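Each chain gets a letter, A, B and so on, in the order the sequences are listed, and its residues count up from 1. Computed from a predicted model, the values in this text were never measured in an experiment.
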There are 2 protein chains.
Amino acid sequence: MSKLSFAILGQLMRGSRTGYDLAQEFRDGLSQFWHAKHSQIYPELQKLKDLGQVKVSEVRQSSRPDKKVYNITPAGECALLEWILSPLPDAPVRSELHLRTHSIHLVPKDQAIAFYENELARTEAEREGFEMQLARLEAAFSGIPSSENEAFSTYANLKFGMENRRQVAEWSRWLIASLHA
Amino acid sequence: MSKLSFAILGQLMRGSRTGYDLAQEFRDGLSQFWHAKHSQIYPELQKLKDLGQVKVSEVRQSSRPDKKVYNITPAGECALLEWILSPLPDAPVRSELHLRTHSIHLVPKDQAIAFYENELARTEAEREGFEMQLARLEAAFSGIPSSENEAFSTYANLKFGMENRRQVAEWSRWLIASLHA
DNA sequence: AGAACATATGTCAAAATATACATATACAAA
DNA sequence: TTTGTATATGTATATTTTGACATATGTTCT
């Protein structure tokens with residue numbers, strides 16, 4: 001069972017989805033903490049079906065191409081629940097931004113400043129995105145959702161994203177100021 | 001030219017290294033922002049040699065196995081400098097911690113709390129590691145290294161690591177408190 | 001004397017991921 | 001009418017990364 005399997009099961013636990021639906025979620029909101037392309041998703045759904053962790057029902061559509069709707073099975077639920085709190089392996093970090101920063105003393109300062117100004121703008125835009133989503137969730141639930149609700153999990157990750165972008169932005173500003181000095 | 005190539009060139013820019021040296025650096029300090037195993041490094045050094053971006057000299061040793069010392073070439077330097085400020089592609093995020101958090105509402109609260117208490121301890125330990133390294137660098141340079149110095153780049157990444165772990169720890173504490181409520 | 005460990009360099013197979021190829025329907029815009 | 005876009009599902013190929021296998025030297029500890 002790959003990590004992608006659990007990513008998919010986690011989504012199916014929130015309701016029925018097609019491979020296409022999942023691909024869109026991995027491209028958009030979900031992409032803040034996991035990412036996958038449809039070329040990975042379709043074969044993975046097949047594997048999960050063979051393992052009996054999801055079941056599929058084909059739905060005929062007239063206005064659109066037919067689709068395959070996937071649901072999690074009790075076996076799938078069981079596997080998901082076991083995985084959530086199992087020991088977390090320390091994931092190898094690969095940040096190209098910091099790989100570049102590691103050699104930043106080699107380049108002209110003005111160009112480096114422009115580079116990080118650009119990164120800062122991206123980071124701020126992302127932070128605003130998180131803040132808007134958080135505000136929407138808070139409005140819908142009149143505050144923080146209770147911890148039994150799936151919206152709580154979503155809230156926790158959105159909050160992380162917002163705080164994280166804030167931290168990255170602050171660091172970028174420090175770096176830009178240091179390069180100016 | 002893969003990202004690993006640039007990771008290696010960045011290290012060789014700081015001085016001669018063997019494949020073994022690089023593997024250790026990727027396992028230890030460098031691993032905070034890039035990671036690679038020796039099984040990836042040795043073939044990559046071969047490719048870089050074929051491209052003329054590094055040169056190798058074999059060193060006979062009496063007290064240890066012979067070794068191959070790699071140096072960056074002018075062509076390698078040129079490729080590295082071009083890469084540092086080139087447009088940064090947005091890297092797909094894959095955080096297993098947040099993938100799990102996405103389903104945290106499904107598990108018993110007390111077990112979830114224990115899980116995040118454990119993560120918090122790891123994060124704090126990492127933060128202390130960064131703080132100690134930062135303190136050592138500051139002591140060695142009597143403050144922040146100047147931005148032309150390679151120690152500046154190292155300092156910037158250590159500072160990021162420290163601030164990042166602080167943010168992650170704060171979020172973990174918030175999450176634990178929310179699960180208690 | 002034997003075991004464990006750090007040094008040192010490689011290869012091979014499998015898994016994970018990305019990029020491109022491939023096809024089909026329906027709707028809206030130009 | 002043709003072009004583009006969203007829906008919908010796949011396969012094929014290449015690259016990246018991991019984990020296991022493989023070997024050899026010298027030192028230190030028991």
Side-chain angles (χ1 to χ4, degrees), chain A residues 1-9 11-12 16-28 30-31 33-51 54 56-70 83 89-96 99, chain B residues 1-8 11-12 16-28 30-31 33-51 54 56-70 89-96 99:
Chain A
M1 293 271 296
S2 63
K3 285 162 194 178
L4 177 58
S5 289
F6 293 112
I8 290 172
L9 290 178
Q11 286 306 102
L12 292 183
S16 303
R17 276 153 172 83
T18 66
Y20 186 80
D21 293 333
L22 288 166
Q24 281 189 304
E25 290 177 323
F26 280 119
R27 179 170 48 79
D28 304 331
L30 203 58
S31 70
F33 52 92
W34 205 263
H35 187 267
K37 303 273 170 76
H38 79 277
S39 57
Q40 226 189 328
I41 293 166
Y42 287 118
E44 197 72 30
L45 282 168
Q46 189 57 50
K47 282 184 208 168
L48 285 169
K49 200 189 75 181
D50 294 342
L51 287 170
V54 302
V56 61
S57 61
E58 290 180 52
V59 175
R60 304 287 158 86
Q61 293 187 124
S62 52
S63 67
R64 284 171 191 182
D66 297 348
K67 63 181 176 181
K68 296 182 177 179
V69 177
Y70 290 87
W83 165 79
D90 34 328
V93 182
R94 283 192 187 86
S95 165
E96 194 173 350
L99 196 54
Chain B
M1 294 270 297
S2 64
K3 285 163 193 177
L4 177 58
S5 289
F6 292 112
I8 289 172
Q11 285 307 101
L12 292 184
S16 303
R17 275 152 173 84
T18 66
Y20 186 81
D21 293 333
L22 288 165
Q24 281 188 304
E25 290 177 323
F26 279 120
R27 178 169 48 78
D28 304 331
L30 203 58
S31 70
F33 51 91
W34 205 264
H35 186 267
K37 303 273 170 78
H38 79 277
S39 56
Q40 226 188 331
I41 293 165
Y42 288 117
E44 198 71 31
L45 282 168
Q46 189 58 51
K47 282 184 209 167
L48 286 169
K49 200 190 76 181
D50 294 343
L51 287 169
V54 303
V56 59
S57 60
E58 290 179 53
V59 175
R60 304 287 158 86
Q61 294 186 120
S62 52
S63 68
R64 283 170 192 184
D66 296 347
K67 62 182 177 180
K68 295 183 177 180
V69 176
Y70 289 87
D90 34 327
V93 183
R94 285 191 185 87
S95 165
E96 194 173 350
L99 195 55

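Rounded to whole angstrom, the span from the CZ atom of B/R27 across to the P atom of C/dA8 amounts to 13 Å. The distance between atom OH of A/Y20 and atom P of D/dT5, rounded to the nearest whole Å, is 13 Å. Between A/Q46 atom CD and D/dG10 atom C1' the separation is 11 Å, expressed in whole Å. Whole-Å rounding puts the B/Q24 CD to C/dA6 C1' distance at 8 Å. Atom pair A/Q61:CD and D/dA8:C1' shows a separation of 8 Å (rounding to whole Å applied). Following rounding to the nearest Å, B/F26 (CZ) and D/dT18 (C1') show an atom-to-atom distance of 15 Å. Taking atom CG of B/D66 as the reference point, atom C1' of C/dT9 lies 11 Å away to the nearest angstrom. Atom-to-atom, OH of B/Y42 to C1' of D/dT17 comes out at 17 Å; the value is rounded to the nearest Å.
Scanning for salt bridge (Lys or Arg N to Asp or Glu O under 4.0 Å) contacts around A/K49 gives an empty result, with sequence neighbours left out. For B/Q40, the side chain to side chain donor-acceptor pair (under 3.5 Å) test picks out no residue, with sequence neighbours left out.
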Contact string for nucleotides 16-25 of chain C, one letter per nucleotide 5' to 3', B = base within protein heavy-atom range under 4.0 Å, S = sugar-phosphate only, - = neither, reads SSSBB---BB
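Here the OG1 atom belonging to A/T18 is positioned 12.5 Å from the CG atom belonging to A/D66, to the nearest 0.5 angstrom. Taking NZ of A/K67 as the start and OG of A/S57 as the end, the distance is 9.5 Å to the nearest 0.5 Å.
Which of D/dA8, D/dG10, C/dT9 sits closest to the side chain of B/K67 comes down to C/dT9.
Side chains of B/K68 and B/L45 form no contact here, defined as non-hydrogen atoms less than 4.5 Å apart.
Of all heavy-atom pairs spanning B/Y42 and B/G19, the tightest one is CE2-CA, 3.7 Å.
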